[in-house]
Amino acid sequence: FGNIDRDGDMMMNGCYKKSIIERGVKGTNELFHLSNHRREVEYILSKPLFEEDSFGLKMTSKILDTHHGEDVIKMYDAGIINQHSVMFTVPSGQWRTVGEGKDSYTEILQAKLYEGSTVLWGANPETPTIEVKSMFKEIYQNDISKAFAHLNKLVKAFKTGKFTDEFFGILDIEIKLLETM
């Protein structure tokens, strides 16, 4: 909130509140977490929880266990993805232009939110990833013996398996994730 984005908009504190209440999980449940604003079913990552804090809009998302979802989680874990974007419309009379000419910008007083997206570059660069909890951490956080057993299976498969180069890359990433735990 309170900074001018690359599109010349300034989202004002509280602008999403009405939309979150009406369209969020406690309302009509029509808000999505998408990959790069793509509205095809295969790019749905979750039905997230949205909330506002003093910094801006916060999205908490449990990414679906799909091929695309797994790829997105790996990109988060690798630090490749670190920005987000939202799709919204502005109801009539809920914006105002401030300033003149090239120094002008639009204050968004209320936004009708549709989705939050994982993107390479957000219009507002102040859209960081706060935390990523991988599925391995959730599964194994309370049972180290299971984590070691799974790690040993992955290492054995890596050493003795006959897989594609792509799959060896995936195994390597999963091994590294478990090792960091």
Side-chain angles (χ1 to χ4, degrees), residues 1-98 104-141 170 173-174 177:
F1 295 130
N3 66 332
I4 301 169
D5 67 21
R6 294 175 181 136
D7 293 334
D9 294 332
M10 179 186 287
M11 307 308 288
M12 303 305 291
N13 196 336
C15 69
Y16 299 109
K17 188 173 187 167
K18 182 176 191 273
S19 194
I20 292 169
I21 292 168
E22 292 175 355
R23 301 173 52 75
V25 293
K26 294 180 181 176
T28 58
N29 200 20
E30 296 179 282
L31 299 178
F32 291 89
H33 178 191
L34 301 178
S35 177
N36 206 35
H37 299 294
R38 292 179 287 187
R39 292 176 274 171
E40 294 84 11
V41 173
E42 61 268 28
Y43 298 112
I44 296 172
L45 297 173
S46 78
K47 298 283 278 199
L49 174 66
F50 285 97
E51 58 189 311
E52 287 187 345
D53 61 20
S54 61
F55 183 76
L57 181 65
K58 181 179 176 183
M59 176 176 71
T60 303
S61 176
K62 184 172 182 178
I63 295 176
L64 295 168
D65 186 16
T66 63
H67 289 296
H68 188 67
E70 289 173 12
D71 288 342
V72 168
I73 288 172
K74 288 173 186 171
M75 287 185 275
Y76 273 117
D77 283 338
I80 294 168
I81 298 172
N82 63 1
Q83 289 191 26
H84 301 86
S85 181
V86 293
M87 185 176 77
F88 64 92
T89 56
V90 180
S92 180
Q94 294 300 314
W95 60 274
R96 67 177 167 239
T97 302
V98 177
S104 70
Y105 62 92
T106 304
E107 286 184 348
I108 307 295
L109 306 172
Q110 184 180 357
K112 182 177 181 181
L113 186 62
Y114 294 92
E115 53 93 356
S117 273
T118 296
V119 295
L120 297 178
W121 299 282
N124 188 336
E126 297 296 321
T127 57
T129 302
I130 297 169
E131 179 180 23
V132 175
K133 294 180 182 178
S134 74
M135 64 180 177
F136 292 118
K137 289 180 183 173
E138 284 187 29
I139 293 169
Y140 300 121
Q141 67 183 351
I170 293 169
I173 291 168
E174 292 186 16
L177 282 171

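- Atom CH2 in W121 sits 11.0 Å away from atom CG in N82 (nearest 0.5 Å).
- Counting heavy atoms from C-beta on, the side chains of D5 and Y105 never come closer than 4.5 Å.
- Atom CD1 of I130 sits about 5.5 Å away from atom NZ of K58, to the nearest 0.5 Å.
- Annotation: the span from I4 atom CD1 to M11 atom CE amounts to 13.0 Å, rounded to 0.5 Å.
- Here the shortest heavy-atom pairing between T89 and P91 reads O-CD, 3.7 Å.
- For the atom pair NZ (K18) and CG (L113), the distance works out to 13.0 Å, reported to the nearest 0.5 Å.
- Under the side-chain contact (heavy atoms from CB on, under 4.5 Å) test applied with S85, the options V119, N36, T127 reduce to a single match, V119.
- Between E115 and the options L45, I44, L34, L31, a side-chain contact (heavy atoms from CB on, under 4.5 Å) holds for only L34.
- The side-chain heavy atoms of L120 and Q83, taken from C-beta on, include no pair separated by under 4.5 Å.
- Considering every non-hydrogen atom in both S61 and S46, the closest pair reads OG-OG, 2.5 Å.
- For V25 against P48, the heavy-atom pair with the smallest separation is CG1-O, 3.7 Å.
- Contacts classified as salt bridge (Lys or Arg N to Asp or Glu O under 4.0 Å) and involving residues 34-53 (residues at least two apart or in different chains) are not found.
- Proximity of a side-chain donor or acceptor of Q110 to a complementary backbone N or O of Q94 within less than 3.5 Å is not detected.
- Between H37 and M87, the shortest heavy-atom contact is CE1-N, 4.0 Å.
- Considering every non-hydrogen atom in both L57 and F1, the closest pair reads N-CZ, 4.1 Å.
- F50 meets the ring-ring contact (aromatic ring centres under 6.0 Å, His included) test with no other residue; sequence neighbours excluded.
- Remark: N3 CG to D9 CG distance equals 10.5 Å, nearest 0.5 Å.
- Not a single donor-acceptor pair under 3.5 Å links the side chain of R23 to the backbone N or O of K112.
- Minimum heavy-atom separation, Y76 to H84: OH-NE2, 2.8 Å.
- In this structure, CE in M59 is found 11.5 Å from CD1 in I20, a value given to the nearest 0.5 Å.
- A search for salt bridge (Lys or Arg N to Asp or Glu O under 4.0 Å) contacts involving E107 returns R96, not counting sequence neighbours.
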